[in-house]
Structures are given as C-alpha cells and as structure tokens.
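Proteins come first, then strands; the chains are lettered A, B, ... in the order of their sequence lines, and each starts at number 1.
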There are 2 protein chains.
Amino acid sequence: MFKRSPSLTEQIKSHIKEQIVNNEFEDGRIPSETEMANELGVSRTTIRDALSRLQIEGAIVRKQGAGTFVNEPILQIQSRLDEIWSYTNVLEAHGYTPTVQVIDVSEEPASATIADELGLAEGDKVLVIKKRFLEDDTPVILARNWLPASCVLESYEDIDFQVPIYDYLEACSQQRLNYYLSDIVPVSAKAEIAALLQVSSGTALLALEEVGYNENNEPILKAQSYFRDDLLRFRLIRRRT
Amino acid sequence: MFKRSPSLTEQIKSHIKEQIVNNEFEDGRIPSETEMANELGVSRTTIRDALSRLQIEGAIVRKQGAGTFVNEPILQIQSRLDEIWSYTNVLEAHGYTPTVQVIDVSEEPASATIADELGLAEGDKVLVIKKRFLEDDTPVILARNWLPASCVLESYEDIDFQVPIYDYLEACSQQRLNYYLSDIVPVSAKAEIAALLQVSSGTALLALEEVGYNENNEPILKAQSYFRDDLLRFRLIRRRT
DNA sequence: AAGTGGTCTAGACCACACT
DNA sequence: GTGTGGTCTAGACCACTTA
C-alpha cells in the first residue's frame with residue numbers, strides 16, 4: 001500500500017491528516033494506535049511517530065487511557081505567527097490573491113547595528129530590498145530585508161525579487177534559511193510607513209524585527225516587516241509547558 | 001542510576017539539559033545517541049525520545065550524518081511568546097522582582113461578545129478580574145480576565161487573586177486550563193489604559209486578546225493583556241514547516 | 001570507510017480512563 | 001475488566017556527512 005520514499009511515517013501522517021480535514025472521523029475520535037497499525041500493515045511505532053508529528057502541529061490531542069482526538073479549534077487558525085514563512089502564502093490563506101511590489105533594491109554600507117547583527121564589519125556592503133504586498137491595490141504588508149552583498153553571486157539587476165527572500169538566498173548563495181528569531185513590536189506608523197501602507201499617521205501597526213539564521217546558526221539576513229492589523233491578524237497558541 | 005518515576009526519558013532529558021546549560025559539551029557537540037545509550041545503560045530509543053523533546057523546545061538541533069548540537073541562539077531567548085504562562089515568571093526571567101496588584105474584582109452580566117466567546121447565554125454572570133503587574137512601582141503589564149461565575153464555588157471575596165488565574169481556576173473549579181488561543185494586536189493606548197500603565201496616551205502597546213480552553217477544547221476563560229513594549233519585549237522563533 | 005542520525009520492526013509492561 | 005495511550009527494550013537497515 002505504501003512506498004519507501006518519503007518515509008512510511010510521513011506518508012501515514014499525510015494520510016491521517018487528509019482524513020482529518022475531510023472530517024472522516026466520527027466525533028473527532030481517531031482509531032486506536034493498535035487498530036491503525038494492523039489496518040495499515042505497519043508497526044505501532046510508525047503510527048506513533050506519525051501521530052506525534054500531528055500532535056506537534058496541534059492537529060490532534062492524545063489522552064492517555066481515553067484515545068486520540070482531532071483538535072478542532074486549532075485546525076481553524078489560518079495565520080499562526082509561529083508557522084508563517086512566505087507572506088504570499090499567508091495572504092492566500094486569508095482568502096486574498098496578493099501581488100508583490102518590489103519598491104527598491106540598493107547596495108549600501110552596513111551601519112554599526114546591521115554589521116553587528118549580521119556578523120559583518122561596519123561599512124561592508126549589504127543589499128537592501130524593500131517590498132510591498134497588496135491585495136486589490138490595498139497594501140497589507142511592508143517588508144525590508146538586509147543581506148550581505150558578499151553572498152550575492154550575480155548582478156542583482158537581473159534578478160526577480162518578487163520571489164520570497166529565502167528562495168532568492170538559496171538560489172544566489174549556498175545559504176539556506178533555517179529559522180527566524182523575531183522580536184514582536186507594536187509601533188505607531190511614522191509618516192513614511194503610513195503613506196506606503198495607506199493608513200493615517202500614528203495608526204498602531206504590528207512589526208516584526210528579525211534575524212534569519214542558516215543551519216549553522218549563523219545570521220544571514222535581517223528583516224523588518226509591518227502589518228496592517230485591520231487587514232491581517234496573527235494568532236498564536238500558547239500551551240502549558 | 002535512574003529511578004522509575006518520572007519516566008526514564010524525562011530524567012534523561014533533564015540530565016542532558018543540565019549538561020547543556022552548564023556548558024559541559026565541547027564545541028556544543030552532544031555525544032552520539034549510541035554512545036549515550038551505552039553510557040547511561042538505556043536503549044537508544046529512550047535517548048532518542050529525550051533528544052526529541054529537547055529538539056521541540058529548540059534546545060538542540062540534529063543533523064543526519066553529522067551529529068547533535070546545542071542550539072546556542074535559541075537558548076538565549078528569555079521571553080518566548082509561545083512559552084510564557086505566568087506573567088510573574090516572565091518578569092522574573094527578565095530580571096525583575098515583580099509585584100501583583102488586584103485592581104478590581106466584580107461580577108457582571110455577560111455581553112453578547114463574551115457570552116459568545118465563552119459559550120454562555122447573554123446576561124449570564126461572569127467574574128471580571130483586573131490586575132496590574134509592576135516592577136519598582138513601574139507598571140509593566142495590565143490584564144483583565146473574564147470567567148463564568150458558575151465555575152466559582154465559593155464567595156470570591158475570600159480569595160487571593162494574586163495567584164495566576166489558571167491556579168485560581170484549578171482551585172475553585174474542576175477546570176484545568178490547557179492552552180490559550182491568542183490574537184496578537186498592536187494598539188494605541190487609550191486614556192484609561194495609558195494612565196494605568198503610566199505612559200502617554202497614544203503610545204503603541206502590544207496586546208493579547210485570548211481565549212483559554214480546557215482539556216475538552218471548551219472555552220473557559222477570556223483574557224485581555226497590555227504590555228509596555230519599552231520594558232518587556234516578546235520574541236518568537238519562526239521555523240520552516 | 002566509518003560514524004552519525006533517521007526509519008522501522010515486534011514485542012513487553014505500565015498508567016490511566018471508561019463503564 | 002477492557003482498552004487506550006505512554007514507556008522501554010533490542011535489534012536491523014538506510015541516508016547522510018565527514019575524513
């Protein structure tokens with residue numbers, strides 16, 4: 001029934017996830033681990049691994065002695081702040097069909113702050129990319145990215161900056177963006193930003209100030225993003241630790 | 001070397017975590033799974049379970065073929081928004097020794113919004129608790145909680161509301177708070193809130209608007225919190241999914 | 001080539017929840 | 001008591017990194 005690659009566990013995870021979203025389980029109760037293991041012809045360990053991954057995602061809850069259940073409220077959330085990656089995808093998940101505007105691309109010497117955050121020397125060249133995400137001519141997100149010019153292999157005029165920044169990084173350097181460490185900051189829109197987002201000056205906006213790291217935990221990217229709270233709201237699950 | 005309870009896995013997790021925080025690993029490299037299994041006299045599965053939990057916390061990274069490593073940048077973060085639970089603990093982690101003020105406790109009929117969010121009928125009694133968290137007479141957090149009066153077993157005048165709200169819930173009802181579903185909202189401080197947090201009106205504040213759920217995914221608590229961004233900043237890790 | 005983490009099996013016993 | 005998820009074992013093979 002299942003092939004070798006991707007892993008059995010991953011295939012079974014997808015299989016169960018599909019049944020969940022199709023609402024195929026009575027009362028949100030998922031069959032017992034032993035039952036599924038027999039049914040699908042794999043060991044219970046494999047089933048358990050698949051369920052563990054779904055549990056981490058928040059799709060299910062397990063209750064010792066009682067059973068495993070679909071986690072309905074959490075499945076409803078469209079934009080979990082800890083899970084967003086591409087802004088385009090976030091907007092699509094909200095039901096928008098977004099467009100991306102590249103406002104400006106320039107090469108600048110690194111300020112002391114940016115040099116410090118990216119592990120560069122002050123004055124080293126950095127590439128600064130400004131973008132705007134809109135839906136129906138209404139701006140929703142404003143983003144600014146800084147990355148070391150040393151990682152840019154080709155002339156940047158030739159490049160399509162509409163692709164997500166991490167795709168660009170992977171393509172033009174040998175770097176792979178692994179995770180962001182983000183500060184969550186409430187701000188009052190200053191004139192420049194207010195104009196670009198078409199809100200009145202002083203409007204409360206949500207901002208992310210973040211540094212992106214590669215797989216060796218080296219900083220490779222700084223980003224600053226502003227979100228219109230009236231059009232896009234982020235959510236989060238806070239679990240007991 | 002290890003006892004039966006808590007589980008072997010949990011003991012080994014703590015054991016490794018302790019070695020990590022004490023910086024006992026050369027170059028942040030953790031011994032191989034096989035090595036630790038032999039060393040500690042348990043099966044490799046048990047070691048792997050312990051490491052998996054540390055990985056979920058973000059304390060380590062595993063690289064197939066290479067090894068397991070301490071995740072230094074993530075260990076540095078003091079206030080991860082997805083991990084906070086008690087505000088008192090958050091402030092302590094920031095190096096403060098906070099005090100808690102109970103501003104007001106009252107019983108009110110539920111508005112339509114609150115009734116809807118808590119699964120009550122409009123007009124049902126709810127208990128409203130307002131608190132303020134300070135450090136050295138400087139207010140840092142403002143919190144308001146709504147909970148169904150029906151779950152309050154005793155007269156609320158007798159109760160010490162300084163304890164975290166989830167402790168109170170567990171004590172006075174049979175409910176256990178399992179997780180919050182939180183909206184992250186940037187706001188401009190209105191006069192009343194600005195006064196209580198001692199900031200000027202219009203200051204950008206971070207707010208959480210959340211609903212707390214019990215283990216059966218039933219809403220049992222509504223909360224609204226305001227944070228002074230200049231004194232307390234939340235962080236988050238955004239991983240690739 | 002050697003060593004690492006990733007996957008998978010088959011089986012055992014325990015702790016807890018239902019009824 | 002019966003069935004559930006939680007823990008744990010011993011062993012096998014695979015995929016990948018490193019030297």
- Spacing of A/Lys13 atom NZ relative to C/dG6 atom C1', expressed in whole Å: 15 Å
At a cut-off of 3.5 Å, list every protein nitrogen or oxygen paired with a nitrogen or oxygen from nucleotides 2-4 of chain C, distance to 0.1 Å.
| from | atom 1 | to | atom 2 | distance (Å) |
| --- | --- | --- | --- | --- |
| C/dG3 | N2 | B/Gly65 | O | 2.9 |
| C/dT4 | O2 | B/Gly65 | N | 3.3 |

- Rounded to whole angstroms, how far apart are CD1 on B/Ile60 and C1' on C/dG6? 14 Å
- Query: Would you call the rings of A/Phe234 and A/Phe227 parallel, tilted or perpendicular if under 30° counts as parallel and over 60° as perpendicular?
  - Reply: perpendicular
- Taking only residues two or more places apart in sequence, or in another chain, which ones meet A/Asn22 in a side-chain hydrogen bond (donor to acceptor under 3.5 Å, both in side chains)? A/Glu24
- For the residue pair B/Leu181 and B/Tyr213, what are the closest heavy atoms and their distance? CB-CE1, 3.9 Å
- Query: Is the shortest side-chain N/O distance from A/Arg62 to OP1 or OP2 of D/dT4 below 4.0 Å?
  - Reply: no
- Figure out the CD/C1' separation between B/Glu10 and C/dC14, and round it to whole Å. 17 Å
- Query: Given the rule in the side-chain hydrogen bond (donor to acceptor under 3.5 Å, both in side chains) test, do A/Arg62 and A/Ser52 qualify, once you have shown the distances and angles that lead to the verdict?
  - Reply: CA-CA 9 Å; A/Arg62 304 208 263 197; A/Ser52 293; 2.8 Å; yes
- Message: Expressed as a whole number of angstroms, how long is the span from B/Ile16:CD1 to C/dG5:P?
- Response: 11 Å
- Item | Between P of C/dA17 and CZ of B/Arg176, the distance in whole Å | 12 Å
- Task: Give the rounded distance in Å between these two atoms: CG of A/Asp49 and P of D/dG6.
- Result: 13 Å
- Message: Under a 3.5 Å distance rule, please check whether B/Asp116 uses its side chain to pair with a backbone N or O of B/Thr113 as donor and acceptor.
- Response: no
- Task: Measure the acute angle between the ring planes of B/Phe133 and B/Tyr87, then classify it against the limits of 30° and 60° as parallel, tilted or perpendicular.
- Result: perpendicular
- Can any side-chain N or O of B/Glu108 pair as donor or acceptor with the backbone N or O of B/Leu127 at less than 3.5 Å? no
- Query: Taking B/Gln11 for the side chain and B/Pro6 for the main chain, is one N or O donor matched with an acceptor at less than 3.5 Å?
  - Reply: yes
- Please report, rounded to the nearest Å, how far the C1' atom of D/dG3 is from the CE atom of A/Met36. 16 Å
- Task: Tell me the partner of C/dT19, counting only Watson-Crick (N1-N3 plus N6-O4 or O6-N4) or G-U wobble (N1-O2 and O6-N3) with both under 3.5 Å; none if nothing fits.
- Result: none
Could you go through nucleotides 9-12 of chain D and list every protein N or O atom that sits under 3.5 Å from one of its N or O atoms, giving the distance for each pair?
| from | atom 1 | to | atom 2 | distance (Å) |
| --- | --- | --- | --- | --- |
| D/dT9 | OP2 | B/Ser43 | N | 2.8 |
| D/dT9 | OP2 | B/Ser43 | OG | 2.9 |
| D/dT9 | OP2 | B/Thr46 | OG1 | 2.3 |

- Task: Consider only side-chain N and O atoms of B/Tyr179 and B/Asn217, and report whether a donor and an acceptor are under 3.5 Å apart.
- Result: yes
